[in-house]
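One structure below.
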Amino acid sequence: MTQGLESHEAQAASVDATPAAVLSASVSDDQLMARYVAGDMRAFETLYARHKGALYRFFLRQLPQAQAQDTYQETWSKLIASADKYQAKGLFQAYLFKLAHNVLTDQHRKNMRHQSVEVDPETLVDPTPGLTEQISRDEIRQSLHNEIAKLPVNQRTVWLIKQETPLSLADIATLTNTTLEGVKSRLRYANEKLKAGMQRYV
Amino acid sequence: MSDDKQAGQTPPWIVDLYAEGNEQPPESLDAAVLREAQASIEQGKEINLQPSMLRKPWVGGLASAAVVLLTVTVMFVGSPDPDSLMPRVETLPSLNQAPLLEDEAAVQVTHEPMPVPQSQLMRRQQMSAEVQVEEKDDAAGRAFAKSSAQENIATASVEPARMRLASADEAALLIKSPTCKPDYRLPAAAKIERVGLVDTTYRLDGQVWRVACIAGAWQLQEEDDASSE
């Protein structure tokens, strides 16, 4: 969780080196949302810079790139449209990923109706087993992405939110419309599958 | 037992490996989201201004005079000539404050048929002049592109704009062209009306827009419903 927050602060600080940006790194997400609703575009830019990567990867790991980009944009659209209704409770990222989860669910339903593949097959790489020392770090990471793509949707969603955000398991349960025990179970199975799938690289 | 233990620990090396990915959205996406956020602010300013004044006639003569003055200013700035109704071409602030590339300065187009604030009048007038020049090129470009498209439909060797479909019956929000960069991303709520080789129309909030890549720059024009195919 600390690592995730540091990552967000570092990202926000990297947006701009001016004093305004340095100040914005200490401004909370709730404060930035309030400023945006009041008409401060720079507040939205800071908020966007903080969370765009995590949100983008959340979709990219679960959909073909084209759909990932469309659903990513749609999520931000929904946030913008509902900005004046946002209630500041220190859970901005939970709110954002709640919107994302709903958009993702809708997209999965569309994909099932149209029988589209969930992940672009061109992204799947099958490195030769047993040659770990000759395989690059990038290829190993691609293998991890492949294993993530193979996870059942519910397990994959929960696992990705856990990796990309500092949200608690209780928060994740709320935004995915499941119970705390359900989230724990999904995470446990996801971790077991990923460890098994990546065993050859240990 | 802690929640994490019950959930099963993700090995730290897998956590680190995953974190190294760090993919970021493309510039076209950043631009589209920021564009929408900016438009929402400006729409909100207009909504907040008029109703609040109208609901409070008791504020006084000074407030009433201010409303009249503002309304006159808005009417003057937003005079319904064709140029003011054209979406303005503008540059959007880059997140890292780097200067925009020349192509990027031409491609960022917003949907702003509403009058603009006084402070932006000078820039709008400058952009209006640029749009007039582009309109002339556009007519010529359209004729050229259309004739070229008809001659090359089979091979599509002249293909200023091309729509990429996300699925069999659902058009994507992204318009790609080999000569216009970055890709032009439609607002998320837009509905694709027509897909063509040289241009594409879409509907947003009851208005039909035509997008085309002409002379290396995205062109966006309003269309009447009667003229859209």
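The analysis underlying the following values was restricted to heavy atoms, covering all of them including side chains, and did not include hydrogens, waters or symmetry mates. Convention: sequence-line order gives letters A, B, ...; per-chain numbering from 1. In this text the structure is predicted, and so the values were computed from the model without any measurement.
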side-chain contact (heavy atoms from CB on, under 4.5 Å) between B/V33 and A/F44, intermediate numbers included: CA-CA 10 Å; B/V33 172; A/F44 183 88; 3.9 Å; yes
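- Under a cut-off of 6.0 angstrom, the local environment of NZ in A/K193 is crowded, with over 12 non-hydrogen atoms contributed by other residues, nucleotides or ligands.
- Remark: A/D84 CG to B/S40 OG distance equals 8.0 Å, nearest 0.5 Å.
- Within residues 97-106 of chain A, no residue has any heavy atom closer than 4.5 Å to a heavy atom of chain B.
- Looking at A/D138 and B/E20, their side chains never come closer than 4.5 Å, going by heavy atoms from C-beta outward.
- Residues A/D70 and B/R185 are in side-chain contact: their nearest non-hydrogen atoms beyond the backbone lie under 4.5 Å apart.
- Counting only heavy atoms from C-beta outward, the side chains of B/Q38 and A/E45 never approach each other to under 4.5 Å.
- A/Q69 approaches B/P26 most closely through the heavy-atom pair NE2-CG, 3.6 Å.
- Side-chain contact between B/V15 and A/Q163: present, with at least one pair of heavy atoms (C-beta onward) separated by less than 4.5 Å.
- Nearest heavy-atom pair, B/E36 versus A/S77, reported as atom, atom and distance to 0.1 Å: OE1-OG, 2.8 Å.
- If you take OH on A/Y201 and CG on B/L17, they are separated by 9.5 Å, rounding to the nearest 0.5 Å.
- Atom CD1 of A/I148 sits about 8.5 Å away from atom CD1 of B/I14, to the nearest 0.5 Å.
- Residues B/G21 and A/R141 approach most closely at N-CD, 3.5 Å, considering heavy atoms.
- With contacts defined as side-chain heavy-atom distances shorter than 4.5 Å, the pair B/T10/A/K195 does not qualify.
- Checked against ring-ring contact (aromatic ring centres under 6.0 Å, His included), B/Y18 has the following partners two or more places apart in sequence or in another chain: A/W159.
- Of the two parts of A/L47, neither the backbone nor the side chain holds a non-hydrogen atom closer than 4.5 Å to a non-hydrogen atom of chain B.
- No side-chain heavy atom of A/K52 sits under 4.5 Å from any side-chain heavy atom of B/L29.
- Going from atom CD of B/E23 over to atom NE2 of A/H145 covers 5.0 Å, rounded to the nearest 0.5 Å.
- Using a 4.5 Å cut-off between heavy atoms, A/F59 does not touch chain B at all.
- The minimum heavy-atom distance linking A/Y56 with B/P25 is given by the pair CD2-N, 3.5 Å.
- Atom CD in A/Q73 sits 11.0 Å away from atom CG in B/D30 (nearest 0.5 Å).
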